[in-house]
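Have a look at the structure below before the remarks.
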Amino acid sequence: MTNLTLALAILGGLVLAAVVAYNTLMSRRNAPRQPDAVDLALADAERAMSGSPDGAEPMLHVDPYQVQQGADRHEPLFDPDLPAPSGVPVPTGERRGGLDPLIDVIAPISLDGLASGDAAIAAMPSTRRAGSKPVAIEGLNEHNGQWEPPVPGQRYSAFQVGVQLANRTGALNEIEYSEFVVKAQAFADAVNGAPEFPEMLDEVARARELDQFASAHDAQLGFVLRALHAAWSPGYVQQNAARLGFVAGIIPGRMVLPTSEVGLPPILGLAFDTQAALADDPAQSAIRELSLSLDVPQVDRGEEPFRRMREAAATLAREMDGVVTDSDGQLLRDETMDVIGADLEQLYDTLDARDLAAGSPLARRLFS
C-alpha cells in the first residue's frame with residue numbers, strides 16, 4: 001500500500017467519523033429533553049412509600065373554561081394584549097339556604113303540614129336542569145330551621161325550588177323558565193304543596209341583565225410557553241411543572257396547581273399535546289409549546305393567581321429554554337404583564353362591588 005493510498009484511507013476514516021459525530025450531535029440536540037433521572041428515582045420512591053401503583057395519577061379538577069372578557073360566552077378565548085362547579089353561596093341579606101336571589105329564581109312551596117325527606121327525595125325530578133340551567137330543591141328543616149337539600153329521615157315544613165338565572169351558556173329564557181315551572185309544579189303536587197312562581201317576564205329580564213354583566217366581566221388568561229431550541233418530552237414538562245407545585249389532572253396532557261382547600265377549582269391549569277402524553281413511547285414525543293391558563297372568576301383573589309401565573313411562566317421559560325407569548329406568538333414583556341395585572345385588579349373590584357367576588361361560591365356558580 002502506497003503512502004498516498006494510506007493517507008486517503010486515513011482521511012476517509014476521519015471524514016466518516018466526523019459525519020457520524022455530527023449526526024449524533026444533531027440527533028441529541030434535536031431529541032426531546034428528558035426528565036432528570038434523580039427526580040424520577042425520588043418520584044418512584046414516593047409512590048412506593050405512599051402505596052400508589054406505579055404510574056398512577058391523582059384524580060383532580062377538570063380544566064378551567066376558556067373565556068374572553070366581554071365576548072361571547074359560548075366559545076371563549078382571552079387575549080392578554082386587549083385592555084382591560086357549584087357550592088353553597090356566600091351569605092347575603094336575602095339569602096335562604098343554598099339558593100340565592102342574586103343569581104336564582106326561587107319559587108316557595110307552602111305545605112299544609114309536614115313532609116318527610118324520603119317523600120321529597122322520591123318526588124325529585126329525574127333531571128335537575130331546565131335546559132342548560134341547574135335546578136335545586138331545598139326544604140326547611142323542622143328541627144334546626146335551616147334550608148337544606150332533602151335528607152332521608154328528616155321532616156320539612158316548607159320547600160323552595162330554584163333555577164339559576166344565567167351561566168356561561170347564557171341567560172335563562174322563556175322556554176327554560178317554562179320547563180322549570182313544570183318541574184317545580186310536579187314536585188309540589190307530589191308533596192301536597194302550593195308553589196308561588198315569580199312573574200316570568202320579570203325573571204327573564206333579570207336573567208338577561210345578569211348575563212350581560214357576567215359576559216362583560218368574565219375572563220380567562222392564557223399564556224403560551226414555546227420552546228426556543230430543543231423540544232420537550234412529556235416527562236420533562238411534567239417534572240419541571242411538578243417542581244412548581246403542579247399535579248397531574250384527569251386528562252392526559254393536563255396539570256393543575258391546586259388550592260389548599262380540597263374541592264375548589266385549581267388556581268392554574270397547564271396543558272400540552274394530549275397525543276404526546278398518550279404516545280406508545282412518550283419519551284420520544286416532541287412538545288414545542290404548552291399553555292398556562294387562569295379562570296379568573298373561579299379563583300379567590302387572595303390566592304394571588306396572576307402573580308403565581310406570571311412567576312410560573314417565567315420560571316418554566318428560564319428552566320426549559322423557552323419564551324412566554326400570547327396565542328398569536330407575540331412575546332409578553334414585563335410592561336404588558338403589568339397592564340394585565342392592573343386590569344385584573346379593576347375586574348376584581350367590580351366583581352366585589354356586585355357581591356360576586358372571584359372565587360366565591362356565587363361567582364363559581366355564575367361563571368360555570
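We're numbering straight along the sequence, starting at 1. Just the heavy atoms: all of them, side chains too, but no hydrogens, waters or symmetry mates, feed the values below.
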List the steps, then state whether salt bridge (Lys or Arg N to Asp or Glu O under 4.0 Å) holds for R364 with D300.
-> CA-CA 10 Å; R364 292 200 300 270; D300 190 283; over 6 Å; no

Does M337 belong to the same Ile/Leu/Val/Met/Phe/Trp/Tyr cluster as V224, with side-chain heavy atoms less than 4.5 Å apart forming each link?
-> no

Is there a path of hydrophobic side-chain contacts, each under 4.5 Å between heavy atoms of I, L, V, M, F, W or Y residues, that connects F180 with I175?
-> no

Only one of D100, N167, D104 clears side chain to side chain donor-acceptor pair (under 3.5 Å) with R365; which?
-> D104

Sorted by chain and number, sequence neighbours left out, ring pair (Phe, Tyr, Trp, His ring centres under 6.0 Å) with Y156 holds for F159

Return a table of donor-acceptor pairs under 3.5 angstrom between the side chains of residues 273-283 and protein atoms on other chains or two or more places apart.
residue	atom	partner	partner atom	Å
D273	OD1	Q275	N	3.1
T274	OG1	P252	O	3.3
T274	OG1	R254	NH1	3.3
D281	OD1	A283	N	3.4

Which pairs with one or both residues in residues 185-201 pass side chain to side chain donor-acceptor pair (under 3.5 Å), sequence neighbours excluded?
-> Q185-D189

At what distance, to the nearest 0.5 angstrom, does [atom1] of [X] lie from [atom2] of [Y]?
| X | Y | atom1 | atom2 | value |
| --- | --- | --- | --- | --- |
| S132 | Q164 | OG | CD | 9.5 Å |
| S291 | F272 | OG | CZ | 10.5 Å |
| N240 | Q238 | CG | CD | 10.5 Å |
| N141 | Q146 | CG | CD | 8.5 Å |
| L344 | F306 | CG | CZ | 6.0 Å |
| S293 | L221 | OG | CG | 9.5 Å |

Heavy-atom closest contact ([X] atom, [Y] atom, distance):
| X | Y | result |
| --- | --- | --- |
| V105 | L172 | CG2-CD2, 4.0 Å |
| P297 | H217 | CG-O, 4.5 Å |
| F187 | A123 | CD1-O, 3.6 Å |
| P305 | L268 | O-CD2, 3.9 Å |

Atom pairs and distances, donor-acceptor, side-chain atoms in residues 112-119, under 3.5 Å, two or more places apart:
residue	atom	partner	partner atom	Å
S116	OG	A119	N	3.0
D118	OD1	G153	N	3.1

Would you please name every residue forming a side chain to side chain donor-acceptor pair (under 3.5 Å) with R354, sequence neighbours left out?
-> E209

Verify, without hydrogens or angle tests, whether R333 (side chain) and T336 (backbone) share a donor-acceptor contact under 3.5 angstrom.
-> no

Backbone of Q330 reached by a side-chain donor or acceptor of D328 within 3.5 Å | no

For residues 172-181, the salt bridge (Lys or Arg N to Asp or Glu O under 4.0 Å) pairs (sequence neighbours left out) are K133-E176, E174-R208

Less than 4.5 Å apart, any side-chain heavy atom of K183 and any of V161?
-> no

After noting the C-alpha distance and the side-chain angles of R206 and E203, does the key distance pass the salt bridge (Lys or Arg N to Asp or Glu O under 4.0 Å) rule?
-> CA-CA 5 Å; R206 198 160 66 94; E203 295 303 305; 2.8 Å; yes

